[in-house]
Number of protein chains: 2
Amino acid sequence: MSHKLREVIRNISVDCVIFGYEHSTLEVLLVKRDVEPYAGMWALPGGFVKKGERIEDAAKRVLAQMTGVTDTYLEEIGVFDELDRYPLWRVFTVGHVALISPEHYSLHAGVDTRDVQWFPIEKIPPLPFDHSKIVAVALEKLRKRVRYQPIGFEILPEKFTLPQLQRLYEVVLGKKLDKRNFRKKILSMHFIQKLNEKDKNGIRRPAYLYTFDKKKYEKLKEKGFVFEL
Amino acid sequence: MSHKLREVIRNISVDCVIFGYEHSTLEVLLVKRDVEPYAGMWALPGGFVKKGERIEDAAKRVLAQMTGVTDTYLEEIGVFDELDRYPLWRVFTVGHVALISPEHYSLHAGVDTRDVQWFPIEKIPPLPFDHSKIVAVALEKLRKRVRYQPIGFEILPEKFTLPQLQRLYEVVLGKKLDKRNFRKKILSMHFIQKLNEKDKNGIRRPAYLYTFDKKKYEKLKEKGFVFEL
DNA sequence: CCAAAAGTGTTGAGAGTACACCCATGG
DNA sequence: CCATGGGTGTACTCTCAACACTTTTGG
């Protein structure tokens, strides 16, 4: 990338905070930097915006190149502009977040996978630049968002169980929820549909599988609601 | 400003959407451009970020210089990056919103006031660049925000009446609200305090005056709530 | 048959909604 | 004394919150 510096806008970059949900925890996707500064450190996937390129396209491009993650809806979370955030010269970066379902992607397809890894949010290594700040802002936005919009569709497998969805909410909200009230509330919104299948994987009593009703899900996301338990 | 081009970052600017509430309508503060491109047109107050300057500081500086409005909390609403939004070269702009109480400011103190004016949101003239888009985004954010956070403190006079506050909500939400239910709801949150004074200005029955309880107001803003009537 | 997680209903309290009349003032 | 907007209360409905036992499976 750096060998094409003349193609890029040298003072504007993008960074992506990709959240995934697996093993009952929230995880963030990090890549090992292969260029200076901070080569060798784990960092958010990011890079400079090219001349003639839209910011969102830059974020998608960078993400695909560095991690193999494609077709993701990236949401802007703000500009990070501390004067010395980039040590060599002044760079403004536009932060983005996305939620994805880890199982849908083979990370960095075809390239060395050791350089791309999921990290549980409580075990994120020290990050270069202001990347810790960016992750913190992304997480805060996610926590606010969950109260007013449905989540899960982007981050859970296509078929999922209610206990899975509940754990996702618990992880994001950071508190335990009452099983019965959670089910009642979620089901009353009708954005998920029960299937006639059960989850085989569990070694306990199998749970019923559900899928998202994408139309109703998107409508609720537009309209907003209130989730308080 | 343009005679100091060497001091500025030529591809990053800020623009401010300043909402005020007066004469029972939402208004936006516009300035008449005195430089090319689009000299002579009404536009959002905005300008380039200087080298070594933070974005938020740039927004505050530009706003103070162009309109006389100071001491305002500006909130970032996103980056606008269409390729041809600025006709001469590529410029990314960071949009900001603020709510202010018009009566608190003498516009462009000491300078020609004809160049700074409030426009009711339904009577905004054609704007240059992508400024209409920026206003639209700002308005949309305001409409979402009002459902989850209290508003009024920033945009109403220090002493105000309940009917005034209700009209503000009606204007922002775009619908009529029931008087009794509005009062019940607002008063039950305890972020405003009744005074023992009445509003003399009205030519009808005078209404009681209230003030905001700043602490409770800020706490509610942090915590969020749900406003549905 | 035991351990572990899934599934299921009811009740009481509090908030939301709908709705109509009297009051204070200026002209 | 009249026109205009300010101010007030109640009853019904619905949603929220708290809470415990039975069911299904694998080992």
Side-chain angles (χ1 to χ4, degrees), chain A residues 23-25 146-148 150 152 156-157 159-171 173-211 220 223-229, chain B residues 21 23-25 146-148 150 152 156-157 159-171 173 175-211 220 223-229:
Chain A
H23 317 304
S24 299
T25 44
V146 73
R147 298 181 51 196
Y148 307 121
L156 287 180
K159 297 177 180 183
F160 59 92
T161 65
L162 276 178
Q164 268 182 298
L165 184 61
Q166 180 173 349
R167 275 191 293 274
L168 170 60
Y169 269 83
E170 288 177 339
V171 166
L173 290 169
K175 66 177 181 188
K176 284 264 167 242
L177 302 174
D178 179 271
K179 217 194 314 183
R180 283 166 290 190
N181 292 340
F182 178 81
R183 299 168 87 91
K184 213 185 311 170
K185 178 111 184 183
I186 293 291
L187 292 173
S188 74
M189 300 196 211
H190 300 103
F191 66 77
I192 64 174
Q193 286 175 335
K194 191 172 183 174
L195 301 174
N196 269 330
E197 300 174 62
K198 296 187 181 185
D199 179 30
K200 312 291 182 192
N201 302 332
I203 66 166
R204 304 290 160 223
R205 173 174 177 179
Y208 280 99
L209 289 167
Y210 290 77
T211 42
L220 264 179
K223 191 162 133 290
F225 63 84
V226 188
F227 189 90
E228 290 284 1
L229 275 186
Chain B
Y21 178 71
H23 317 305
S24 299
T25 44
V146 73
R147 297 181 52 198
Y148 307 120
L156 286 180
K159 298 177 179 182
F160 59 92
T161 66
L162 276 177
Q164 268 181 297
L165 184 60
Q166 181 173 347
R167 276 192 293 275
L168 170 60
Y169 270 83
E170 288 176 342
V171 166
L173 290 169
K175 66 177 179 185
K176 285 266 166 237
L177 302 174
D178 180 271
K179 217 193 316 184
R180 283 166 293 191
N181 293 340
F182 179 80
R183 299 167 87 91
K184 211 190 310 175
K185 177 109 182 184
I186 292 291
L187 292 174
S188 75
M189 301 197 211
H190 300 105
F191 67 77
I192 64 174
Q193 286 173 333
K194 191 173 185 176
L195 301 175
N196 268 330
E197 299 173 65
K198 297 187 179 185
D199 178 30
K200 311 293 182 190
N201 302 333
I203 67 165
R204 303 290 160 220
R205 172 175 177 179
Y208 280 99
L209 289 167
Y210 290 77
T211 43
L220 264 179
K223 191 163 132 291
F225 63 84
V226 189
F227 190 90
E228 289 285 0
L229 274 187

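Here is the naming used below: chain letters follow the sequence lines, and residue numbers restart at 1 for every chain. The model shown is predicted, which means the values in this text are computed figures rather than measured ones.
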From NZ of B/K185 over to C1' of D/dG9, roughly how many Å is that when rounded to an integer? 19 Å

Using a cut-off of 4.0 Å between protein heavy atoms and nucleotide atoms, how would you tag nucleotides 19-24 of chain C 5' to 3' with B, S and -? BB--BB

Sequence-distant partners of A/Q193, side-chain hydrogen bond (donor to acceptor under 3.5 Å, both in side chains), two or more places apart: none

Counting heavy atoms from C-beta on, name the nucleotide in C/dT8, C/dA6, D/dT8 closest to the side chain of A/R167. C/dA6

Rounded to whole Å, please give me the gap between CG in A/D199 and P in D/dG26. 12 Å

Whole angstrom value for the distance that separates C1' of C/dG16 from CZ of B/F227: 12 Å

From NZ of A/K176 across to P of C/dA5 the rounded distance in Å is 10 Å

5'-most contact on DNA chain C (nearest-nucleotide basis), A/L209 vs B/V226, goes to A/L209

For residues 177-188 of chain A, which side-chain N or O atoms pair as donor and acceptor with protein atoms under 3.5 Å away, sequence neighbours left out?
{"residue": "A/D178", "atom": "OD1", "partner": "A/R180", "partner atom": "N", "Å": "3.0"}
{"residue": "A/D178", "atom": "OD1", "partner": "A/N181", "partner atom": "N", "Å": "2.8"}
{"residue": "A/N181", "atom": "OD1", "partner": "A/K184", "partner atom": "NZ", "Å": "3.4"}
{"residue": "A/K185", "atom": "NZ", "partner": "A/V226", "partner atom": "O", "Å": "3.0"}
{"residue": "A/S188", "atom": "OG", "partner": "A/K184", "partner atom": "O", "Å": "3.4"}
{"residue": "A/S188", "atom": "OG", "partner": "A/K185", "partner atom": "O", "Å": "2.7"}

Gap between atoms CD and C1', on A/Q164 and C/dG7 respectively (whole Å): 16 Å

B/E170 vs B/K175, test: salt bridge (charged side-chain N to carboxylate O under 4.0 Å, His left out). Steps then yes/no. CA-CA 5 Å; B/E170 288 176 342; B/K175 66 177 179 185; over 6 Å; no

Contact class for B/L229 vs. all strands (heavy atom < 4.0 Å): base, sugar-phosphate, or nothing? sugar-phosphate

Between the NZ atom in B/K176 and the CG atom in B/L229, the distance rounded to the nearest 0.5 Å is 13.5 Å

Rounded distance (Å) that lies between atom P of C/dT25 and atom NZ of B/K200: 9 Å

Closest non-hydrogen atom pair, B/V171 against B/S24: CG2-O, 3.6 Å

Report the distance from atom NZ of A/K194 to atom C1' of C/dT8, rounded to the nearest whole Å. 10 Å

Nearest non-hydrogen partners of A/L195 and A/Y208, listed with the distance: O-CD2, 3.8 Å

Gap between atoms CG and P, on A/L177 and D/dC19 respectively (whole Å): 15 Å

Between B/Y148 and A/Y148, is the ring pair (Phe, Tyr, Trp, His ring centres under 6.0 Å) condition met? List the steps. CA-CA 9 Å; B/Y148 307 120; A/Y148 307 121; 3.6 Å; yes

